[in-house]
Amino acid sequence: MPISARILMCPPDHYGIRYEINRWMDLDRPADPEAAAAQWRSLRAAVADLPGVAVVEIAPRPELPDMVFTANGGLHVDHRVVLGSFRHPERQGETPHFAAWFAAQGYRLVTPPDGLFLEGAGDVVRTATGWIAGYPQRSSASAHRWLAEVLGEEVISVELVDPRYYHLDTCLVVLGEQCAACAPEAFDAYGLTVLHDRFEDLIEVDPAEGERFACNLVAWAGHAILPAGCPRLAASLVERGWTTVAVDTSEYIKAGGACRCLCLTLPAQGTVVSGLAPLQG
Ligand code: ARG
């Protein structure tokens, strides 16, 4: 089968809880390096099993424990990559490494202006007609306006109101042209209206599963890789014709991330809506 996307992952050799920059991270609750390595390998294997997908890797850096969360490194838009611009100094050192990797792979880099924060695919998702972006915990709303101008496309800003859901990819996943899943408690009334208007079939995940990062699933061509402990969302997907696999990401949830945070999808052509690709015909 031809490769229709590469998924960028970063080996967890230097992963750990070494600072606290979100509600999940607690220096008194360290990650177990061996368990984290095993979980990452399981996720990598599940991703490599997706049809038409190849896993590619970026070298981890000892001083950058969160570099495993490649989703924040950039946002892929049709041969261009909008570089991740991190709010916290703890992660700002990742940007040059991601930039060098993207440049070496031949992507045209677009860099957000100084002072605007935009945490890559972690805060911006593609829909069939435009983009939805989260603010203000990590990305700035002004960065969304800048992005809309650069792309010449609609970017709808939604406010993330619950500190547990500080990146948009922790609480929203697009599953098709008219289908998405969300953790409703992450949004205000306006945001929920936007999502209901945009998606005819909006799955509101159970709060307990939302908190296990149910929405932080990797969706590809009718196959979903979900964090463990989300059987209700998995069942909803199966009802809609998806196949699902669960991967334990408990060591990464300690840092505030799960399956999709650990993956950056780089389609071979065009810009892919995760749940649609490459369902042709
Ligand atoms: N500890 C990381 C941070 O707070 C986790 C990033 C999770 N990534 C994501 N795309 N949601 O920045």
Side-chain angles (χ1 to χ4, degrees), residues 7-12 14-31 33 36 39-40 43 47 58 60-61 63-76 81-95 97-98 117-126 131-140 143 158 160 162-174 181-183 186-187 205 210-219 225-227 230 247 249-266 274:
I7 291 189
L8 176 62
M9 298 183 70
C10 177
H14 307 296
Y15 169 68
I17 310 296
R18 291 204 237 129
Y19 44 75
E20 298 171 354
I21 58 169
N22 66 49
R23 187 57 79 81
W24 298 89
M25 301 174 92
D26 178 349
L27 289 169
D28 293 329
R29 218 162 53 103
Q39 291 178 359
W40 187 87
L43 177 65
V47 171
I58 183 170
R61 304 283 314 180
E63 71 283 14
L64 298 167
D66 273 340
M67 202 170 155
V68 288
F69 298 110
T70 52
N72 300 118
L75 175 71
H76 177 275
V81 171
V82 180
L83 253 191
S85 164
F86 291 90
R87 181 173 294 273
H88 293 95
E90 289 86 344
R91 295 199 65 185
Q92 287 168 356
E94 297 177 30
T95 300
H97 300 292
F98 282 113
F117 303 115
L118 193 62
E119 299 203 349
D123 256 342
V124 186
V125 304
R126 183 82 175 125
W131 304 82
I132 299 177
Y135 76 100
Q137 302 190 44
R138 293 306 185 83
S139 301
S140 19
V158 292
L160 303 176
D162 182 327
R164 291 170 301 172
Y165 303 106
Y166 59 96
H167 275 138
L168 187 61
D169 71 356
T170 62
C171 50
L172 176 68
V173 59
V174 176
C182 76
F187 302 93
V205 306
E211 246 201 340
R212 287 194 281 271
F213 282 163
C215 296
N216 200 253
L217 60 84
V218 175
I225 305 171
L226 294 101
C230 305
V247 175
T249 49
S250 53
E251 293 302 323
Y252 297 94
I253 290 178
K254 292 175 178 172
C259 304
R260 187 149 51 106
C261 302
L262 294 163
C263 293
L264 180 67
T265 302
L266 302 165
S274 59

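Remember, it's 1-based here, ligands and their atoms both numbered in the order they're listed.
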*Among all protein non-hydrogen atoms, which one is nearest to atom 7 (C) of ligand 1, and what is the separation to 0.1 Å?*
Tyr166 OH, 3.4 Å

_Less than 6.0 angstrom separating the ring centers of Trp24 and Phe213, yes or no?_
yes

*Answer yes if the ring centres of Tyr15 and Tyr252 are under 6.0 angstrom apart, and no otherwise.*
yes

_Result of checking Asn72, Asp66, Leu118 against Phe86 for side-chain contact (heavy atoms from CB on, under 4.5 Å)_ = Asn72

*asked:* Taking distance alone, with N or O pairs closer than 3.5 Å, would you say Thr170 contacts ligand 1?
replied: no

_Which residue and heavy atom of the protein sit nearest atom 8 (N) of ligand 1, plus the separation_ = Asn72 OD1, 3.0 Å

_Ile21 neighbourhood, listing ligand 1 atoms whose heavy-atom distance to it stays under 4.0 Å_ = 3 (C), 4 (O), 12 (O)

*Which is closest to atom 4 (O) of ligand 1 by heavy-atom distance: Arg260, Lys254, Arg138, Arg91?*
Arg138

*In sequence, state the C-alpha distance, the side-chain angles, and the governing distance for Asn216 and Cys261, and then conclude on side-chain contact (heavy atoms from CB on, under 4.5 Å).*
CA-CA 7 Å; Asn216 200 253; Cys261 302; 3.2 Å; yes

*asked:* Can you name the atoms of ligand 1, numbered from 1 with element, that are less than 4.0 Å from a heavy atom of Met25?
replied: 1 (N)

*What do the steps show when you test Phe117 against Tyr135 for side-chain contact (heavy atoms from CB on, under 4.5 Å), and what is the final call?*
CA-CA 10 Å; Phe117 303 115; Tyr135 76 100; over 6 Å; no

*Can you tell me which residue and heavy atom of the protein come closest to atom 9 (C) of ligand 1, and the distance to 0.1 Å?*
Cys261 SG, 2.9 Å

_For a side chain to side chain donor-acceptor pair (under 3.5 Å) check, start with the C-alpha distance between Ser85 and Glu119, then their side-chain angles and the critical distance, and finish with the verdict._
CA-CA 6 Å; Ser85 164; Glu119 299 203 349; over 6 Å; no

*asked:* Show me which atoms of ligand 1 lie under 4.0 Å from any heavy atom of Gly256.
replied: 7 (C)

*Would you call Arg164 and Glu211 a salt bridge, taking side-chain N to carboxylate O under 4.0 Å as the test?*
yes

_Verdict with reasoning, Leu264 to Leu75, per side-chain contact (heavy atoms from CB on, under 4.5 Å)_ = CA-CA 8 Å; Leu264 180 67; Leu75 175 71; over 6 Å; no

*What atoms of ligand 1 come closer than 4.0 angstrom to any heavy atom of Gly122?*
10 (N)

*Tell me: protein heavy atom nearest atom 2 (C) of ligand 1, and distance?*
Asp66 OD2, 3.3 Å

_Nearest-option assignment for atom 11 (N) of ligand 1, heavy atoms, candidates Leu264, Ile253, Val68, Asp169_ = Asp169

